[in-house]
There are 2 protein chains.
Amino acid sequence: MDSAPLHQAIARLAAEMTAHGKHRDDPAREVMGLLGDRWSTLILLVLETGEWRHADLRRTLGQLSAEQAISQRVLTLKLRTLERDGFVARTITGSVPPKVSYRLTPLGRDLHGQARALIDWINTRADNIRLARERFDATDS
Amino acid sequence: MDSAPLHQAIARLAAEMTAHGKHRDDPAREVMGLLGDRWSTLILLVLETGEWRHADLRRTLGQLSAEQAISQRVLTLKLRTLERDGFVARTITGSVPPKVSYRLTPLGRDLHGQARALIDWINTRADNIRLARERFDATDS
DNA sequence: CTGCATCCTTTTCGATACTG
DNA sequence: CAGTATCGAAAAGGATGCAG
């Protein structure tokens, strides 16, 4: 009884999925995972303002974050991932001491704009969401 | 030398941040984290097609995923989170055996549409991203 | 200054068994 | 069938020390 519309829905979804993703190295899944982590969107926000060196970027992220600062290790990891996907460009100009600058690529600026649209949508619904949470937490405790 | 434009950028960013988020229970960060996890966007995609029971939803997610199926435990957790934020509605109609149905709320449908836009943007750039990765992985190996 | 290696903690997820 | 509890594996993140 339930299986007829159910199978139809599955078939439709399966077709839609196999159209792009579903197979190994799915950029959509991975980039969404990146944007969903603790720091990447904030990194994009800061890099949007220009070129930054590792240490300055780290300090600024710490000031912008409500929680504790990003560790040096994780900042390097996140920047590497963003660079690998083509969202961030890294340039080395000195060597002792090293001077390394990070900036957004055009693709990175575009990504930031797209992500921003979603984040802004969420922010304008933030009160809705908070209210829903209070209702949920109060209902069956 | 660097600090003048640097401070200016920081001030601008700090103002922008404290305008909404930055403080505890930031829905934007949390919802982005949700969308970035392994299953939530896929759950939204399936629920977009109508009303689903827990077991059917679980089976379908397994078929749509390239990797292994979602565990029962995690599906319950994800659905609870989505319900708590007001994106998913849960209705119980039976009790022995229980019959529980999940569907999107209007807010949930809207969220799915917004997230979809970002995912589609990424998908249309998937080849760009893959190419950037190959270049990066080849360069200094 | 930047990056890496190492170690440790926290979080997330999967497997299994059990209850109503 | 839906949900929970418990356990263990894996991943993400943080702290520290060291090298170029």
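Below, chain A is the first sequence line, B the second, and so on; all start at residue 1. Keep in mind that this is a model prediction, so the values were computed, not measured.
- Note on Arg59(B): every side-chain N or O is 4.0 Å or more away from OP1 and OP2 of dC1(D).
- Between Arg90(B) atom CZ and dA2(D) atom C1' the separation is 8 Å, expressed in whole Å.
- When the P atom of dA2(D) is taken as reference, atom CD of Glu51(B) falls 12 Å away, rounded to whole Å.
- In this structure, Leu34(A) atom CG and dA11(D) atom P are separated by 17 Å, rounded to whole Å.
- Looking only at atom types and distance, the side chain of Arg29(B) has a donor-acceptor partner in the side chain of Thr41(A) under 3.5 Å away.
- The CZ-C1' distance, from Arg58(B) to dT4(D), rounds to 14 Å in whole Å.
- For the atom pair OG1 (Thr139(A)) and CD (Glu83(B)), the distance works out to 9.0 Å, reported to the nearest 0.5 Å.
- Every residue was checked against the salt bridge (charged side-chain N to carboxylate O under 4.0 Å, His left out) condition with Arg80(B), not counting sequence neighbours, and none meets it.
- Between Tyr102(B) and dC1(D) there is no side-chain N or O to OP1 or OP2 distance below 4.0 Å.
- Between the C1' atom of dG20(C) and the CD atom of Gln72(B) lies a distance of 14 Å, rounded to the nearest Å.
- In this structure the side chain of Asp56(A) reaches within 4.5 angstrom of the side chain of Arg59(A), judged on heavy atoms.
- A salt bridge links Arg133(A) with Glu30(B): the closest approach of a Lys/Arg side-chain nitrogen to an acidic carboxylate oxygen falls below 4.0 angstrom.
- Residue Arg53(B) places at least one side-chain N or O closer than 4.0 Å to OP1 or OP2 of dA2(D).
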All N/O pairs under 3.5 Å across the protein-nucleotides 10-13 of chain C interface:
| unit_1 | atom_1 | unit_2 | atom_2 | d |
| --- | --- | --- | --- | --- |
| dC13(C) | OP2 | Lys78(B) | NZ | 2.8 |
| dC13(C) | N4 | Arg73(B) | NH2 | 3.2 |

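- Taken from CZ in Arg73(B) to OG1 in Thr76(B), the straight-line distance is 9.5 Å, to the nearest 0.5 Å.
- What separates CG of Leu57(B) from P of dA2(D) is a distance of 10 Å, to the nearest Å.
- The separation between Ile92(B) atom CD1 and dC1(D) atom C1' is 12 Å, rounded to whole Å.
- Across all strands, Arg80(A) comes closer than 4.0 Å only to sugar-phosphate atoms, never to a base (heavy-atom distances).
- Ser65(A) contributes no side-chain N or O that, together with a main-chain N or O of Gly62(A), makes up a donor-acceptor pair within less than 3.5 Å.
- With rounding to whole Å, Ile70(A) atom CD1 is found 13 Å from dG3(C) atom P.
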